[in-house]
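So you know, we letter chains A, B, ... as the sequences are listed, proteins then strands, and number each from 1.
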Protein chains: 2
Amino acid sequence: MPQASPVRKRYAARLPTEQRREQLLQAAQTIALERGFHAVSVDGVAKACGVTRPVVYGLFDDRSALLAGLLDRAEHRAMAELAVLFPSVPGPDDDVDPDELLVAGIRGYLTAVAGDPDTWRVILVPPEGAPPEMAERVNGQRRVLLRHLRGLLDWGLARRGGPGLDPDLFARAVFTLAEGAARLLLEDPDRWQVEPFIDFCRTTLQALQPVRA
Amino acid sequence: MPQASPVRKRYAARLPTEQRREQLLQAAQTIALERGFHAVSVDGVAKACGVTRPVVYGLFDDRSALLAGLLDRAEHRAMAELAVLFPSVPGPDDDVDPDELLVAGIRGYLTAVAGDPDTWRVILVPPEGAPPEMAERVNGQRRVLLRHLRGLLDWGLARRGGPGLDPDLFARAVFTLAEGAARLLLEDPDRWQVEPFIDFCRTTLQALQPVRA
DNA sequence: CTCCTTTGCTACACAGGTGTAGCAACACAG
DNA sequence: CTGTGTTGCTACACCTGTGTAGCAAAGGAG
């Protein structure tokens, strides 16, 4: 039986700005992952935090700033993980096995994904509902990574040789497969593990030797 | 200067049911491809056809029926193209080169995609805005295709041998790469052509010989 | 030329979301 | 225990989209 007189809502616990901000972003992310980016509304996020809309508008200019914050957060986290794990291109005289270097890089990537699935879901699931400008930003980061991978592969091919594959397509193929593996890890973490992908990767690389004359 | 008296809207050209239906679906598809599935509104589709909402509701129960119609249409077209082009698994005694069979299949797929890009965009761009049930249907078709591909590869590996790759991961890798190539074709048809992918594919298959003891 | 069916239009009620103005409660310094 | 600033709340105006009821125009059958 509803109250006749309008009862004032019990005040939510007061939080310092930064903490509230983080809480809101976390809630937004949860909604985005459960029901898609287009389902992230200022109202919904506020409710999820037991708070009202003006609180959100106090910390974000508008809905799209909220979404931007969400993407930023995921991007920074993801990039921070990658920066540590991804191998840089060795010099021409370094004594490193190219195949093992690549394998290690891919293992690092997949391990990072498996270790912080929600962050990576934001990156790897194309956020259709988000403003197009953000999809563009994610693609920009993809290009950066792709270029780095390309450098690594070029170095490796120069070092050890390989079949006469178009190097651009080769880099893209490796990239696509790595992202595909990452998506499988995210989709069903119980079924998929990192190591089988690594084995697959190593075996394939072994097969890709220079053509025998 | 706006009319003071409410002018009746000029009647749109009257169309027979089926034709109007097709027109509406086409308009819905265009909107979905330009601005995402979530941006497909009954109102928007009606306007795009120079018509009012009740006309749409006459042909589709509600918004989600409209979306379902759009997906159905793309799915049927895509499957019809594939049914013709995709090779069936040969018997154990057929005299076919496995590599060339696979290459021909992939070429058929990519050619179909390049030849009817809008239809395939609907399939290959995960429609986040669409009801989840539809994403599920597209994934179902993916599974069917994946299973077929798996059959083809198993037959090929039995016939010609290959490196000791996990056959499930191998099938998924081929599938992922083929879809990746298709997405590139859709993304920038001027830059990407079918044949370079085919060359890449053939070269890679040649490298994937049985391990030499 | 008149019916009458088919196709389309106007108008409404409603739902859910955005963004803002102004007030109320809390919590901490003094 | 009393300011006083910060954090949060209520209430409103507005917009866009949904779905429906009932009327108006078109155009072919007779």
For A/L15 and C/dC28, give me the distance from atom CG to atom C1', rounded to whole Å.
16 Å
Looking only at C/dC9, D/dT18, C/dG17, the nucleotide nearest the A/D43 side chain is C/dG17
Any donor-acceptor N or O pair under 3.5 Å, side chains A/E81, A/W120
yes
Look at the side chain of A/Y57 and decide which nucleotide, out of D/dT18, C/dT10, C/dT20, has an atom nearest to it.
C/dT20
A/F60 CZ to D/dG8 P, in whole Å, measures 13 Å
Within the 3.5 Å criterion, strictly below it, is a donor on B/Q26 or B/R73 matched to an acceptor on the partner's side chain?
yes
Testing B/E179, B/R137, B/R147 for side-chain contact (heavy atoms from CB on, under 4.5 Å) with B/R142, which one passes?
B/E179
Would you call B/D166 and A/D199 a side-chain contact if the rule is heavy atoms closer than 4.5 Å?
no
Students often get this wrong, so: under 4.0 angstrom with heavy atoms, is A/A13 touching a base, only sugar-phosphate, or nothing?
sugar-phosphate
Quick one: are B/F170 and B/L208 in side-chain contact, heavy atoms under 4.5 Å?
yes
Using atom CG of A/L66 as one end and atom P of C/dG19 as the other, report the distance to the nearest whole Å.
10 Å
Atom NE2 of B/H38 to atom P of D/dT16: distance rounded to whole Å?
15 Å
Residue A/P54, side-chain heavy atoms: nucleotide from C/dG8, D/dT18, C/dT20 that is nearest
C/dT20
Measure the distance from CZ on A/R53 to C1' on D/dT7 and round it to the nearest whole Å.
17 Å
Which part of the nucleic acid, if any, lies within reach of B/S41 when heavy atoms closer than 4.0 Å are counted: base, sugar-phosphate only, or nothing?
sugar-phosphate
Rounded interatomic separation in angstrom, taking CZ from A/R10 and C1' from C/dC26:
12 Å
Under 4.5 Å between any side-chain heavy atoms of B/L102 and B/L149, yes or no?
yes
Using atom CZ of B/R35 as one end and atom P of D/dT16 as the other, report the distance to the nearest whole Å.
13 Å
Under-3.5 Å N/O pairs linking protein and nucleotides 4-6 of chain C:
residue, atom, partner, partner atom, Å
C/dT6, O2, B/R14, NH2, 2.6

Nearest to the side chain of A/Y11, which nucleotide is it out of C/dC26, D/dA24, D/dG17?
C/dC26
What's the CG-P distance between B/L24 and C/dT7, to the nearest Å?
13 Å
Winner on side-chain proximity to B/D62, out of C/dC9, D/dG19, D/dC12, is D/dG19
Using the salt bridge (charged side-chain N to carboxylate O under 4.0 Å, His left out) rule, take A/E136 and A/R143 through it: C-alpha gap first, then chi angles, then the decisive distance, then the call.
CA-CA 10 Å; A/E136 205 28 66; A/R143 270 192 292 275; 3.1 Å; yes
